[in-house]
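Heavy-atom basis, side chains included; hydrogens, waters and symmetry copies ignored.
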Amino acid sequence: MRSTIGRSSGWTALLFLLGALAVLLQPAAAVKENDFKKCHQSGFCKRNRAYADNAASQGSNWNSPYTVIPETTSLNAGQIQATIIKTINEKGETVRLPLTISFLQSGTARVTVDEEKRQKKEIVLRDNSAARKERYNEVEDWVIVGGLELDHTAKISFQDKTQVNVQYGPESKYEAVIKFSPFEIDFKRDGASHVKFNDRGLLNVEHWRPKIENKEGEEASDDESTWWDETFGGNTDSKPRGPESLALDITFPGYEHVFGIPEHTGPLSLKQTRGGEGNYEEPYRMYNSDVFEYILDSPMTLYGSIPFMQAHRKDSSVGVFWLNVAETWVDITKGKDNVNPLSLGLKSKTSTHTHWISEAGLLDVFVFMGPTPADLTKAYGELTGFTAMPQEFALGYHQCRWNYISDDDVKDVDRKMDKSKIPYDVIWLDIEYTDGKKYFTWDPHSFQDPVSMGEQLDAHGRKLVVIIDPHIKNEDGYKIVSEMTSKDLAVHNKEDKLYEGWCWPGSSHWVDCFNPKAIEWWKTLFKYDYFKGTLENTFIWNDMNEPSVFNGPETTMPKDNLHFGNWEHRDIHNLNGLTFHNATFEALLSRKKGELRRPFVLTRSFYAGSQRLGAMWTGDNQAEWSHLEASIPMILNQGLAGFPFAGADVGGFFGNPEKDLIARWYQAGAFYPFFRGHAHIDARRREPYLLGEPYTQIVTAALRLRYSLLPAWYTAFYQANRDGSPILRPMFWTHPSEEAGFAIEDQAFVGSTGLLVKPVVQKDKESVEIWIPDDEVYYDYFTYQVQKTHKGKHLTVAAPLDRIPLLMRGGHMIPRRDIPRRSSAMMRFDDYTLVVAVSKTGTAEGELYVDDGDSFDHEQGQYIHRKFSLSDNTLTSVDAEGRDTNAIKAGEWLKNMGEVRVDKIVIVGASSAWNQKEVQVESDGETWTAKVHYTAAKGGRAAFATMGRVGAKIGADWSVKLA
């Protein structure tokens, strides 16, 4: 059982207060890199890098001390069990490391290494620590939701005293070659190596050993100096289990490009990290941290981490998922493979070598064999979950700043947005809405009537989002903190007492959402009759959940803090944000009896699996052109890593952007999956109606473009929810054969719409160069101009300040709604427009998914999912899943949708054969005509035909004969 303590003494509180004030009163400046560790300042990273250097210096003389005992190896029902022996000294003493290799039905393989002594709890902890003795083994419970079914058809194809080969996966097309001495695994597809474990011999599992106290006057060796405790920034980390890091080298033979492992600010195609021109000196770090005003082009850690890496080469993709939530570093190097110079016609290929290093936990790695980028994101999503279907309003525009100062201020912004005819869906409240930074309260002076505020927003179809953070103010008389501490639901310090640290409220305690009882308690706090002033249109923002602790080491919690189950914070750090996000998600699922609606919860900190719970944003960026530019690859990388509901603060959080920058940022933001304007408390007000002309009109046009395309965005989210596909798709993902596009990071396709966007992200630029990945025809979205494109070449597109470079790829059909409205709720039953971009072969396809955008009724078939096609001079709409839609018992929403029609169809690239005054429409056994206005091609603009008032029900089968 945990113990609890009462309030801190007055002196302790005073010291904490002074420390916190020192942090809070620092001038706003760029992040101080010295506040965060470099590899050489992180003992386990330094040791493992030195281990790698030692292995490299010995070359072929290096022998990894890890071998598999052949007699322990057995394959049963798709799973290999064996024991690895680590030789630890010249006397031949060894450590036993249980090995499990699981072959899954999906074709994914999983390799897990544990440590027998810790597994059996046969170790002694220092200083009478209450911490667990095992390596952390519960991350799967939080992260993995499916896809673990074993492949019972996996079979041994070869075995001797040196290795065992296992064929597995669909049609047994994959093979794992497990070498015994030294231990290595070579994962093959179609006989070729694609992923190799420990082929450079860098596997290193730091085994438990008792601490031997040095004799008086004797200092520990440099290697041992951080085994037992480590000091950084005035904080000392006690390590009751001693050194326990683990590391593994993973090679992608023949792969030059690797992607993923967000969140970082570098390029989409990850850089090398061992120095050299254009490379990083530091490894990529994953240790979720509050890094305000982060620097760009850096491997430095940020707020979240997803240790999923993908390697890509022409027509082939593979990936690995490092399931570990402790502090992790990843080195990346690339080199040419050795090719026999006498082998004529062979070219040397570049391989990527990675070195993964984690402080604690199990070695647990999933291997995905592709072969396409879509295969990787689908297989990863089957394991960790696909992105949640959001509330429809969440795809609209969100208006935020730190802080709207009162309920009257919120009402005034709402009125002025309407007066200026600027659409938006959500207004946000930062921490100042609370009574003295006490969450679940309202400031009694500034927010005297939050109910009337919420009701005004609701009348306009709008929502309110309020911030709730995990730090709970330590103040007498505050019911929340009293309940949390009395029920023992908060994080503890290393002495197993209540942990106290500092954040926005000053002295605070942190809710421990690893504790199931804490989640159940947390759920009660959001009920409407408890959190007075919230309504059904109130949703939540979780910030500071890395966790951010102002007076903690690296602005976070001490690693030797204790969580539920007596796991150390070091064991679970990168998972902490997900657990808090999950608790809030669970709380919003039902805030009153009988209500079951999709939650909307924004999170700053995240891990693999967070995509199931809501949206993320890239944190405290700056109002600078460089941060606008960096936002595109950051958001693309989130999508590749399975978390596509991502955005960046439009306009930049810190600073006062020039108006050109604001305009360009809104144009880019209109193509972020999560679209929110936000600003620091010291930044000038910059609501769109304050910008003045022409800027207000430019921003309004970008917002209206977003709203008109909401049906396409919602469909893209449905696709992501179904198969893990990114919502913004980089070139290598959509065109995996085109090597020139692999590193392109400043343009993207929107879902499967064929819309290709390249926002202007540089000052004074009035044109962009768009790389064209194929031989298809491309049209300008706004003018229908046929672009003079060539496969693999760049196209210059004019982009004056009021234009977004946006192309339509031939062969696609785009659903949209064209009536300007104040919010998405007001568009709910508007008719649709279909835009058809005709391919070179005269065909096109498209998709529309729509449901009520609020409930879970879509899981009972209450949705419309249409497939549109143009072929043989006929436009058709059929159910995308082949359902008999007449057999579906319609609920209220589906009944209302029965009156929603296809109002207009615009065919861009229309054949001259379609030049007629009317066309025949057929649906539900009825036939009628629709008028057509045909505009001939002129001056490079494509011919286009506009069909007015088509009148077919959006949810029905229909066809239109064009000729």
**Prompt:** Side chains of Lys37 and Ser42: donor-acceptor distance under 3.5 Å anywhere?
**Reply:** no
**Message:** Pair His563, His569 - check side chain to side chain contact (heavy atoms under 4.5 Å, CB included), show working.
**Reply:** CA-CA 7 Å; His563 289 262; His569 187 72; 2.8 Å; yes
**Within 6.0 Å of CG in Asn34, more than 12 heavy atoms from elsewhere** = no
**Asked** Under 3.5 Å, is there a donor-acceptor pair between the Asn198 and Glu184 side chains?
**Response** no
**Asked** Can you tell me if Arg200 uses its side chain to pair, donor with acceptor, with the backbone of Leu248 under 3.5 Å?
**Response** no
**Request:** Test Lys133 against Glu568 for salt bridge (Lys or Arg N to Asp or Glu O under 4.0 Å), laying out the working first.
**Result:** CA-CA 10 Å; Lys133 295 181 177 181; Glu568 283 194 290; over 6 Å; no
**Complete:** Interatomic distance, CG@Leu203 vs CH2@Trp356, rounded to 0.5 Å, equals 15.0 Å
**Sole residue of Tyr303, Tyr284, Tyr294 in ring pair (Phe, Tyr, Trp, His ring centres under 6.0 Å) with His264** = Tyr284
**Message:** Using side chain to side chain contact (heavy atoms under 4.5 Å, CB included), reason through Phe366 and Val320 one step at a time and then give a plain yes or no.
**Reply:** CA-CA 5 Å; Phe366 291 85; Val320 295; over 6 Å; no
**Prompt:** After noting the C-alpha distance and the side-chain angles of His194 and Phe187, does the key distance pass the side chain to side chain contact (heavy atoms under 4.5 Å, CB included) rule?
**Reply:** CA-CA 6 Å; His194 288 268; Phe187 293 95; 5.8 Å; no
**Asked** Is the side chain of Asp364 donor-acceptor paired with the backbone N or O of Leu323 at a distance under 3.5 Å, no angle test?
**Response** no
**Student check: side-chain heavy atoms of Gln119 and Glu134 closer than 4.5 Å** = no
**Item:** Exam field: side chain Asp469 to backbone His471, donor-acceptor pair closer than 3.5 Å
**Value:** no
**Asked** Taking the side chain as C-beta and beyond, is there a heavy-atom pair between Thr112 and Leu99 under 4.5 Å?
**Response** no
**Asked** Do Gln272 and Thr333 have side-chain N/O donor and acceptor atoms under 3.5 Å apart?
**Response** no
**Message:** Please check: side-chain N/O of Asn637 versus main-chain N/O of Pro262, any donor-acceptor pairing under 3.5 Å?
**Reply:** no
**Asked** Do His573 and Lys559 meet the criterion of a side-chain donor-acceptor pair at a distance under 3.5 Å?
**Response** no
**Message:** Checking side-chain polar atoms at under 3.5 Å, does Trp322 have a donor or acceptor matched by the opposite partner on Ser358?
**Reply:** yes
**Asked** Cut-off 3.5 Å, side chains only: do Asp297 and Tyr280 have a donor facing an acceptor?
**Response** yes
**Prompt:** Taking all non-hydrogen atoms of both residues, which atom of Gly724 and which atom of Thr377 are closest, and how far apart?
**Reply:** O-CB, 3.4 Å
**Prompt:** Can you check whether Asn545 reaches Trp510 side chain to side chain, under 4.5 Å on heavy atoms?
**Reply:** no
**Request:** Establish, from distance only, whether the side-chain atoms of Thr251 and His353 form a donor-acceptor pair under 3.5 Å.
**Result:** yes
**Message:** Could you check whether Trp567 and Glu138, counting side-chain N and O atoms only, form a donor-acceptor pair closer than 3.5 Å?
**Reply:** yes
**Request:** Check whether the side chains of Ser298 and Thr265 place a donor and an acceptor atom closer than 3.5 Å, and report yes or no.
**Result:** no
**Prompt:** With a 4.5 Å limit on heavy-atom distance, are the side chains of Pro673 and Ile635 in contact?
**Reply:** yes
**Asked** Can a donor-acceptor pair be found between the side chains of Glu327 and Trp329 at a distance below 3.5 Å?
**Response** yes
**Request:** Answer whether the closest heavy-atom distance between the side chains of Arg604 and Asn542 falls below 4.5 Å.
**Result:** no
**Phe232 versus Asp35, closest heavy-atom pair with distance** = CE2-O, 3.5 Å
**Prompt:** Would Phe197 and Phe183 satisfy ring-ring contact (aromatic ring centres under 6.0 Å, His included), going step by step from the backbone distance to the final call?
**Reply:** CA-CA 9 Å; Phe197 283 11; Phe183 166 64; 8.1 Å; no
**Asked** Going through the checks in order, is the salt bridge (Lys or Arg N to Asp or Glu O under 4.0 Å) test met by Arg110 and Glu140?
**Response** CA-CA 12 Å; Arg110 181 183 191 180; Glu140 177 182 314; 2.8 Å; yes
**Request:** Compare every heavy atom of Pro283 with every heavy atom of Arg49, then report the nearest pair and how far apart it is.
**Result:** NH2-CD, 3.5 Å
**Request:** Let me see the working for Leu613 and Thr603 under side chain to side chain contact (heavy atoms under 4.5 Å, CB included), right down to the final yes or no.
**Result:** CA-CA 9 Å; Leu613 305 171; Thr603 186; over 6 Å; no
**Item:** Side-chain (Asn324) to main-chain (Leu362) donor-acceptor, under 3.5 angstrom
**Value:** yes
**Message:** Quick one, Val258 and Gln310 - any side-chain contact, counting heavy atoms below 4.5 Å?
**Reply:** no
**Request:** Kindly say whether Phe606 contributes a backbone atom to a donor-acceptor pair with the side chain of Asn288 at under 3.5 angstrom?
**Result:** yes
**Item:** Charged tip of Arg676 within 45° of Trp541 ring normal and under 6.0 Å
**Value:** yes
**Message:** With a 3.5 Å distance limit and no angle check, can you tell me whether Asn48 reaches the backbone of Ile357 through a side-chain donor-acceptor pair?
**Reply:** no
**Prompt:** Do we see a donor-acceptor contact under 3.5 Å between the side chains of Thr273 and Asn279?
**Reply:** no
**Request:** Taking the six-membered ring of Trp227 (Phe, Tyr or Trp), confirm whether the NZ or CZ of Arg209 is under 6.0 Å from its centre and within 45° of its axis.
**Result:** yes
**Message:** A cation-pi test, strictly: NZ or CZ of Lys334 under 6.0 Å from the centre of the six-membered ring of Phe252 and no more than 45 degrees from its axis. Yes or no?
**Reply:** no
**Request:** State whether a side-chain donor-acceptor pair under 3.5 Å links Gln611 with Thr384.
**Result:** yes
**Asked** Is the shortest heavy-atom distance from the side chain of Trp228 to the side chain of Ser238 under 4.5 Å?
**Response** no
**Prompt:** Judged by atom type as modelled, is there a donor-acceptor pair below 3.5 Å linking the side chain of Ser289 to the main-chain atoms of Tyr287?
**Reply:** yes
**Ion pair Asp229/Lys239, N-O distance below 4.0 Å** = no
**Prompt:** Do Tyr499 and His509 have ring centroids that are under 6.0 Å from one another?
**Reply:** no
**Message:** Any carboxylate oxygen within less than 4.0 angstrom of a Lys/Arg side-chain nitrogen, looking at Arg274 and Asp53?
**Reply:** yes
**Side chains of Asp290 and Thr555, donor plus acceptor under 3.5 Å** = no
**Request:** Locate the shortest heavy-atom distance separating Tyr66 from Asn204; write the atom from each residue and the value.
**Result:** OH-CA, 3.2 Å
**Request:** Quick one: closest heavy-atom pair of Trp62 and Ser64, and the distance?
**Result:** NE1-N, 3.8 Å
**Prompt:** When you measure from the side chain of His581 to the backbone N and O of Ser605, does any donor-acceptor pair fall under 3.5 Å?
**Reply:** no
**Request:** Please report the C-alpha distance between Asp237 and Arg570 in whole Å, then the side-chain angles of each, then the deciding distance to 0.1 Å, and finally whether the salt bridge (Lys or Arg N to Asp or Glu O under 4.0 Å) criterion is met.
**Result:** CA-CA 10 Å; Asp237 171 23; Arg570 87 180 70 253; 2.7 Å; yes
**Prompt:** What is the minimum heavy-atom distance between Pro633 and Leu268, and which atoms define it?
**Reply:** O-CD1, 4.0 Å
**Prompt:** Strictly under 6.0 Å, is that where the ring centroids of Phe308 and Phe368 end up?
**Reply:** yes
**Request:** Using distance alone, with no hydrogens and no angle criterion, decide if Tyr672 and Ser631 have a side-chain donor and acceptor under 3.5 Å apart.
**Result:** yes
**Request:** Mark yes or no for whether Arg135, through its side chain, and Gly361, through its backbone, hold a donor-acceptor pair below 3.5 Å.
**Result:** yes
**Message:** Side chains of Ser129 and Arg241, heavy atoms from C-beta outward: is any pair under 4.5 Å?
**Reply:** no
